[in-house]
Structures are given as C-alpha cells and as structure tokens.
Q: 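Structure incoming, see below.
Heavy atoms only: backbone and side chains are in, while hydrogens, waters and symmetry mates are out. Note that the structure is a prediction, hence the values are computed from the model and not measured. By convention here, the first residue in the shown sequence is residue 1.
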Amino acid sequence: MSVPANLTMWLIPLAAAFFVSALAVRAVERHARQLRLVDIPNQRSSHLTPRARGGGIGVVTGLIAGLAVAELLGWNSAPPVWTCLVGTALFAALGLWDDVRQLAVLPRLTSQVIVAVVIVAVLGGFARLPLPPPLDVALGWAGVPLAVLWLIGVTNFFNFMDGAD
C-alpha cells in the first residue's frame with residue numbers, strides 16, 4: 001500500500017471511517033428492534049436490560065468508508081488490504097447472522113475456520129512470531145495454522161466482548 005507521509009492525508013480517511021462508523025452504529029442501535037438485533041439478558045449476561053446487537057455493522061461500514069476515501073485520495077491499496085477487507089466483511093456477516101438467528105457453535109466455528117483458511121491461503125501465515133526481539137522467532141510451517149487460530153481467536157474474543165457490553 002502506498003501510504004502518504006502527509007498527516008492530513010491520514011486524517012481524512014480516519015475521519016471518514018470514524019463518522020461513518022458512528023452513524024452506522026447509532027442507526028443500528030436506533031432500529032435494533034425492527035432489525036431483530038436485541039439481546040435479551042439471560043443467566044450468562046452482564047447486562048440487566050435488553051441491549052442492541054450488531055455494532056460490528058458500524059465497524060465494518062466505517063472500515064469500508066475509510067478505505068474507499070483512501071482510494072479516492074490515491075493511496076492505491078494493495079490486494080492484501082482488500083483480501084483482509086473481504087475476510088472482515090465475511091466474519092462480520094457471519095456474526096450478524098449469529099446475532100439474528102443464534103447459530104449453533106459447530107456451524108459458526110466451521111464457517112469461521114473456512115473464512116480464516118481462505119484468508120491465510122491468499123495472504124500466507126505468520127513468518128515470525130509477532131513479538132519484540134528476542135521473542136520474534138521464525139515459525140516456519142507452524143505460521144500457517146497459528147495465523148488461522150489467531151483469526152478465529154480474535155473474532156471470538158471480540159464476539160465475547162460484544163456480548164459482555
């Protein structure tokens with residue numbers, strides 16, 4: 001990705017991402033009942049009143065807006081950026097489907113594995129452990145399954161945090 005050094009050229013896509021994300025989250029929150037995106041508290045919930053779900057829509061919408069503005073400004077994103085964006089959109093769509101339909105664990109996990117495997121097949125795994133030296137050891141073949149596990153783990157971590165409100 002050809003990234004500009006000018007701070008203003010960074011601020012415009014970031015501002016677009018922030019404002020579009022904020023507007024989308026607010027719209028989902030306002031229309032959660034009509035969209036069937038309301039979490040009713042149960043024994044595992046940390047909240048006592050019904051809460052809107054689907055905030056990931058705002059995050060993904062903001063990300064798309066920021067990247068689109070960056071493209072319009074001539075950033076010339078590389079294919080890996082768009083691969084990550086498509087993968088993120090697929091994970092978000094799966095999460096939204098789960099928010100609306102309450103997917104069982106096995107189909108949700110199977111779908112996450114498929115999306116993660118495709119992303120890693122296109123982009124490759126971790127060449128090195130992403131830690132500071134001397135902990136940044138080369139991973140070799142283990143970098144591929146670790147990248148898949150990382151994507152699935154982070155996705156489920158955010159899903160857990162989202163449910164915790």
Side-chain angles (χ1 to χ4, degrees), residues 1 13-14 16-18 20-29 31-47 50-68 70-71 77-131 135-165:
M1 174 192 251
L14 288 173
F18 174 81
V20 168
S21 181
L23 290 172
V25 167
R26 183 67 182 126
V28 168
E29 192 174 44
H31 300 289
R33 290 208 190 282
Q34 296 93 335
L35 297 170
R36 297 177 39 210
L37 291 172
V38 178
D39 186 29
I40 306 300
N42 59 35
Q43 305 89 326
R44 294 180 31 210
S45 300
S46 62
H47 55 284
R51 301 283 303 164
R53 291 183 175 188
I57 295 169
V59 174
V60 173
T61 304
L63 178 63
I64 292 168
L67 284 173
E71 283 291 313
S77 298
V81 172
W82 293 103
T83 301
C84 288
L85 180 61
V86 169
T88 300
L90 289 171
F91 275 124
L94 183 60
L96 180 61
W97 187 10
D98 181 44
D99 284 347
V100 173
R101 300 274 183 199
Q102 296 293 311
L103 289 175
V105 172
L106 189 59
R108 186 174 63 231
L109 186 58
T110 302
S111 300
Q112 289 173 347
V113 169
I114 292 168
V115 171
V117 165
V118 170
I119 292 170
V120 173
V122 172
L123 298 178
F126 295 128
R128 304 187 70 76
L129 199 58
L131 295 171
L135 302 174
D136 63 338
V137 297
L139 294 173
W141 65 268
V144 170
L146 285 175
V148 170
L149 286 173
W150 173 258
L151 287 169
I152 295 165
V154 167
T155 298
N156 284 290
F157 176 73
F158 275 96
N159 191 37
F160 173 75
M161 279 192 336
D162 183 42
D165 281 325

Q: Taking all atoms of both residues into account, what is the closest heavy-atom pair of V25 and G58, and its distance?
A: CG2-CA, 3.7 Å
Q: Using side-chain heavy atoms (C-beta onward) and a distance below 4.5 Å, is L35 in contact with V100?
A: no
Q: Could you measure the distance from the CZ atom of F91 to the CD1 atom of I152? Nearest 0.5 Å is fine.
A: 6.5 Å
Q: Which atom names give the shortest non-hydrogen contact between G54 and V28, and what distance separates them?
A: O-CG1, 3.8 Å
Q: Does the side chain of T61 come within less than 4.5 Å of L23's, by heavy atoms?
A: no
Q: Grab the two heavy atoms, one from A52 and one from E29, that are nearest each other, plus how far apart they are.
A: CB-CA, 4.0 Å
Q: Determine the sole option in V86, V117, T83 for which the side chain to side chain contact (heavy atoms under 4.5 Å, CB included) test with V122 is passed.
A: T83
Q: What heavy-atom pair brings A17 and G66 nearest, and what distance separates the two atoms?
A: CB-CA, 4.0 Å
Q: Would you give the length of the straight line joining atom CG of L37 to atom NE2 of H31, rounded to the nearest 0.5 angstrom?
A: 11.5 Å
Q: Quick check for you: to the nearest 0.5 Å, what is the distance between I114 atom CD1 and L109 atom CG?
A: 10.0 Å
Q: Any chance you could measure R53, atom CZ, to D98, atom CG, to the nearest 0.5 Å?
A: 7.0 Å
Q: Can you tell me how far the CG atom of L129 sits from the CG atom of L135, to the nearest 0.5 Å?
A: 7.5 Å
Q: Show the nearest heavy-atom pair for residues G87 and I119, with the distance to one decimal.
A: CA-CD1, 3.5 Å
Q: When you look at L90 and L94, which way does the side-chain contact (heavy atoms from CB on, under 4.5 Å) test go after all the steps?
A: CA-CA 6 Å; L90 289 171; L94 183 60; over 6 Å; no
Q: Which heavy atom of V120 sits nearest to which heavy atom of A147, and what is that distance?
A: CG2-CB, 3.7 Å
